[in-house]
Amino acid sequence: MAAVNRLVFARKLEKLGFLPALEVQNAIVRQHLEKIKVKETSSAKNVLLFYEHTPVFTVGIRKKSVDAKEKRRLEDLGAEFHYTNRGGLVTFHGPGQLVCYPVLNLACFKKSLRWYVASLEKTLTETCKRFGVHAETTCDTGVWVKDNKIAAIGEN
């Protein structure tokens, strides 16, 4: 049996539009899937991609609330607009906001989505703590500072 690769690489990319950033993510995902197909999971690199997006609104799989009029209104605010195959409702990403896209093979860690999300939340609260910010989790996914969400995980 091949050794499990728990090493995670961080890759900081320049300010990037949503679609070029998505192309980078998809290329890495394809590499992972090819390695899994030929049973070489230990050679697939787990990566955290960090971006600052140019202004963009994304709408995920729960897009039922966005009609053409609302789409136009959001675009008129000066941002791109894209539908995605993941995530939640309307989400804005823009200047000054750090976005992280993990591309990980969870088989290298623990095959539990609940564990994964809880681990992300813990990492985020610990990171906030290092900057002197008291952040916590709630019954809702994400990390909060008082009543304000400071970090979303896979949703808006």
Side-chain angles (χ1 to χ4, degrees), residues 5-34 44-106 108-109 112-156:
N5 185 3
R6 291 191 173 139
L7 188 61
V8 178
F9 295 88
R11 185 171 170 196
K12 181 180 181 266
L13 301 171
E14 68 278 358
K15 187 182 231 180
L16 206 54
F18 178 78
L19 291 180
L22 186 61
E23 288 176 21
V24 172
Q25 293 168 60
N26 287 336
I28 294 171
V29 168
R30 281 191 301 276
Q31 290 172 355
H32 269 258
L33 294 175
E34 288 170 13
K45 288 186 178 176
N46 294 301
V47 181
L48 300 177
L49 300 170
F50 292 94
Y51 299 103
E52 179 183 357
H53 282 306
T54 54
V56 61
F57 287 98
T58 59
V59 180
I61 54 179
R62 297 182 293 179
K63 61 184 173 228
K64 61 185 175 214
S65 66
V66 178
D67 59 18
K69 183 178 177 183
E70 177 67 359
K71 180 180 182 275
R72 271 192 309 281
R73 185 187 75 77
L74 294 172
E75 289 172 326
D76 288 345
L77 294 173
E80 293 179 39
F81 184 96
H82 298 286
Y83 289 101
T84 67
N85 62 353
R86 59 188 167 191
L89 302 172
V90 176
T91 303
F92 177 76
H93 301 294
Q97 182 186 54
L98 178 66
V99 181
C100 176
Y101 295 103
V103 182
L104 308 172
N105 179 353
L106 287 184
C108 297
F109 303 93
S112 164
L113 190 55
R114 185 176 300 234
W115 167 85
Y116 174 64
V117 171
S119 295
L120 288 175
E121 289 174 330
K122 182 178 179 185
T123 300
L124 290 162
T125 57
E126 289 296 317
T127 300
C128 288
K129 185 177 178 181
R130 287 182 177 206
F131 287 95
V133 176
H134 176 74
E136 52 192 8
T137 59
T138 68
C139 60
D140 296 314
T141 304
V143 177
W144 303 79
V145 174
K146 297 183 181 173
D147 291 332
N148 299 302
K149 186 180 272 189
I150 194 167
I153 299 173
E155 58 177 274
N156 63 338

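All of these numbers come straight from a predicted model, not from anything done at the bench. We're numbering straight along the sequence, starting at 1. For the numbers below, each heavy atom of this structure counts, side chains included, while hydrogens, waters and symmetry mates do not.
- No donor-acceptor distance shorter than 3.5 angstrom exists from the side chain of Glu126 to the backbone of Thr123, with no hydrogens or angles considered.
- The side-chain heavy atoms of Phe92 and Leu77, taken from C-beta on, include no pair separated by under 4.5 Å.
- Residues Val24 and Arg11 form a side-chain contact, since some pair of their non-hydrogen atoms from C-beta on lies under 4.5 Å apart.
- Nearest approach of Ala135 to Thr125, heavy atoms of both residues: O-CG2, 3.8 Å.
- By the neighbour-count criterion of 12 heavy atoms within 6.0 Å, atom NZ of Lys15 is densely surrounded, having more than that number from other residues, nucleotides or ligands.
- Distance alone, capped at 3.5 Å, is enough to place a donor-acceptor pair between the His32 side chain and the Lys45 backbone.
- Using a 4.0 Å cut-off between charged side-chain N and carboxylate O, Lys71 and Glu75 make a salt bridge.
- Closest approach of Val99 and His93 over heavy atoms only: CG2-ND1, 3.7 Å.
- Taking CZ of Arg130 as the reference point, atom SG of Cys128 lies at 11.5 Å (rounded to 0.5 Å).
- In this structure, Lys12 is not positioned above the aromatic face of Phe50 in the sense of NZ or CZ being under 6.0 Å from the six-membered ring centre and within 45° of the axis.
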Can you give each donor-acceptor pair under 3.5 Å made by side-chain atoms of residues 52-59, sequence neighbours left out, with the distance rounded to 0.1 Å?
residue	atom	partner	partner atom	Å
Glu52	OE2	Gly96	N	2.7
His53	ND1	Leu16	O	2.9
His53	NE2	Tyr101	OH	3.0

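- The nearest pair of heavy atoms linking Thr137 to Gly142 is CG2-O, 3.8 Å.
- Contact annotation: the side chain of Leu98 never approaches that of Tyr51 to less than 4.5 Å [non-hydrogen atoms, C-beta and beyond].
- With contacts defined as side-chain heavy-atom distances shorter than 4.5 Å, the pair Phe109/Trp115 qualifies.
- A salt bridge links Arg73 with Glu70: the distance from a Lys NZ or Arg NE/NH1/NH2 to an Asp or Glu carboxylate oxygen falls below 4.0 Å.
- How far CD1 of Ile150 is from CG of Leu124: 9.0 Å, rounded to the nearest 0.5 Å.
- Expressed to the nearest 0.5 Å, how far CD1 of Ile153 lies from CG of Leu120 amounts to 5.0 Å.
- Put simply, the side chain of Val47 does not reach to within 4.5 Å of the side chain of Gln25, judged on heavy atoms.
- Contact annotation: the side chain of Leu49 approaches that of Val103 to within less than 4.5 Å [non-hydrogen atoms, C-beta and beyond].
- Considering every non-hydrogen atom in both Gly60 and Thr84, the closest pair reads CA-OG1, 3.4 Å.
- Residues His82 and Leu22 form no side-chain contact, since every pair of their non-hydrogen atoms from C-beta on lies 4.5 Å or further apart.
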